[in-house]
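Notes for the one structure printed next.
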Amino acid sequence: MQHADVTTIGRVQNLFKEGRERGLRWLIVRILQELKTPTKLPGRLYRAASVSAYLAIFKTIGAVVKPFIPANNSITVFYDLNVSPVTFDVVWALAAGEMLRLKTGKVSLHFVVVRGSRNGFRAEAPEYEKAVPPEERRARLKNIVLTMPEFLPSVMKTTVCGSRLYASLLRATRKGGVYPANYWPAFPSAHKPKDVMAGVRAGEPAPLGLRARPNDLEAFKAWLGDHADGRKLITVTLRSYSHFPVRNSNLDAWRAFAERLDETEYFPIFIPDASMPPEAVGTLLDGFSVCMEAAQDIGVRMAAYESAYLNLMVNNGPHGLCMFNKKCRYLMFKILTPEAPQTTVEYMEYLGFEIGNDPPFAGPFQKWIWEEDRLEIIERAFAEMRQAIDLSGQS
């Protein structure tokens with residue numbers, strides 16, 4: 001063991017000697033490679049030395065460069081695709097950054113996406129890789145992750161880092177706050193929903209700043225005016241997905257719910273799962289109003305949610321649009337599905353949720369229903385929410 005440690009020290013010394021000969025850029029890239037694949041030069045001591053060297057280099061760069069950078073009144077949010085998914089989960093990172101901005105009195109957010117090392121993304125389980133291949137993840141990167149900041153008015157800039165070297169330099173030279181606080185590209189840390197919930201429970205401001213883009217909202221309200229005839233919009237968002245289908249919506253119950261609504265007062269529309277082919281939508285929802293545009297374009301989806309009298313859905317990614325928009329009323333069902341690892345009691349508690357309760361930042365017309373999406377449960381929850389809305393005097 002002692003011999004191995006001595007050998008490792010020698011390799012570290014040789015690495016830095018070679019770095020002096022080849023230049024700082026080569027040394028940084030080499031350290032990043034070894035942090036990623038430490039088996040090339042094994043040993044805990046080598047890895048510890050590499051981490052220390054990496055931090056020392058970039059903190060020194062930051063100390064030298066920062067005095068020449070203009071004052072920065074923003075929070076930088078890093079969304080690293082080596083550890084974060086290309087899904088609606090991005091709303092949690094933005095919410096955490098927004099909460100930090102409100103807490104510190106900063107003016108804006110700078111949202112930074114760092115590409116992952118596996119086709120630009122993180123390594124996923126084989127079944128997920130099959131269900132969501134790289135080309136679909138690339139589309140999601142554009143349509144979800146890079147579009148979501150446009151719904152948060154405090155985001156003044158979005159940057160995509162194609163290399164970890166550039167991301168490291170960006171991290172080192174930030175003058176405002178950073179989220180996650182301990183983030184560095186060589187050993188990335190992901191956002192955590194519990195960061196937001198713990199902060200709100202501790203009295204920090206709730207980050208409910210998501211808003212529909214004005215153009216999307218204007219266009220959707222024009223469409224609604226042509227179709228709703230003054231009736232109250234009810235949206236039903238469906239999950240119908242091949243990945244853990246046990247979490248999918250109870251389609252029979254939702255169709256029955258829409259059929260039984262008073263058609264003189266309410267205008268129900270279905271927003272199908274984005275993965276549902278048009279022919280399947282036509283077959284399964286024949287006779288119902290369907291908004292395919294909202295399924296494919298999250299700008300339209302957000303405008304629909306913000307315009308609705310009430311939004312109903314099962315636990316699914318798009319609910320994040322409602323969850324962090326205080327203008328959206330919603331009911332979300334089927335929170336727990338023990339057969340799926342993302343929706344077990346244990347995992348939900350790990351994320352920071354309190355089983356049976358709404359999130360701590362939920363508004364009075366934003367409610368989690370910890371029961372299945374059966375017709376009698378849907379109708380009961382709808383009636384209770386309608387009564388609460390009517391008693392509030394809001395339309």
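Residue numbers start at 1 and run along the sequence shown.
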Would you indicate whether the side-chain heavy atoms of Arg374 and Phe333 approach each other to under 4.5 Å?
no

If you define the side chain from C-beta out and look only at heavy atoms, does anything of Phe121 sit under 4.5 Å from Val132?
no

Give me the atom names and distance for the closest heavy-atom approach of Glu339 to Phe244.
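What the structure gives for the nearest pair is O-CE2, 4.3 Å.
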
Are Phe361 and Phe324 an aromatic pair, judged by ring center distance below 6.0 Å?
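Yes; Phe361 has its ring centre under 6.0 Å from that of Phe324.
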
Between Leu336 and Val345, is the side-chain contact (heavy atoms from CB on, under 4.5 Å) condition met? List the steps.
CA-CA 7 Å; Leu336 299 175; Val345 168; 3.7 Å; yes

Dump the intermediate steps for salt bridge (charged side-chain N to carboxylate O under 4.0 Å, His left out) on Glu306 and Arg213, then the final yes or no.
CA-CA 10 Å; Glu306 198 168 299; Arg213 295 176 299 200; over 6 Å; no

Is there a path of hydrophobic side-chain contacts, each under 4.5 Å between heavy atoms of I, L, V, M, F, W or Y residues, that connects [X] with [Y]?
X: Met99; Y: Phe353; value: yes
X: Met276; Y: Phe88; value: no
X: Met313; Y: Phe267; value: no
X: Trp92; Y: Phe78; value: no
X: Ile355; Y: Val200; value: yes

Would you tell me whether [X] and [Y] have side-chain atoms, one donor and one acceptor, within less than 3.5 Å of each other?
X: Glu372; Y: Asn250; answer: no
X: Thr159; Y: His110; answer: yes
X: Arg122; Y: Asn82; answer: no

The single option from Asn325, Val91, Leu210 passing side-chain contact (heavy atoms from CB on, under 4.5 Å) against Leu152:
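The side-chain contact (heavy atoms from CB on, under 4.5 Å) with Leu152 is passed solely by Leu210 among Asn325, Val91, Leu210.
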
Sole residue of Val112, Val83, Val114 in side-chain contact (heavy atoms from CB on, under 4.5 Å) with Tyr183:
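That would be Val114; it is the only one of Val112, Val83, Val114 passing the side-chain contact (heavy atoms from CB on, under 4.5 Å) with Tyr183.
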
Going through the distances and angles, do Glu371 and Arg380 end up as a salt bridge (charged side-chain N to carboxylate O under 4.0 Å, His left out)?
CA-CA 11 Å; Glu371 298 174 83; Arg380 184 197 71 211; 2.3 Å; yes

Classify the ring geometry of [X] against [Y]: parallel below 30°, tilted from 30° to 60°, perpendicular beyond 60°.
X: Phe257; Y: Trp254; result: perpendicular
X: Tyr309; Y: Tyr266; result: tilted
X: Phe111; Y: Tyr79; result: tilted
X: Tyr241; Y: His243; result: perpendicular

Check against side-chain contact (heavy atoms from CB on, under 4.5 Å), Arg260 and Glu379:
CA-CA 9 Å; Arg260 289 157 62 113; Glu379 291 190 325; 2.7 Å; yes

Has Trp370 got a side-chain atom pairing as donor or acceptor with Asn357's backbone, closer than 3.5 angstrom?
yes

Whether the side chain of Arg164 engages the backbone of Arg115 through a donor-acceptor N/O pair (distance < 3.5 Å, no angle test) should be reported.
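Confirmed, Arg164 side chain pairs with Arg115 backbone.
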
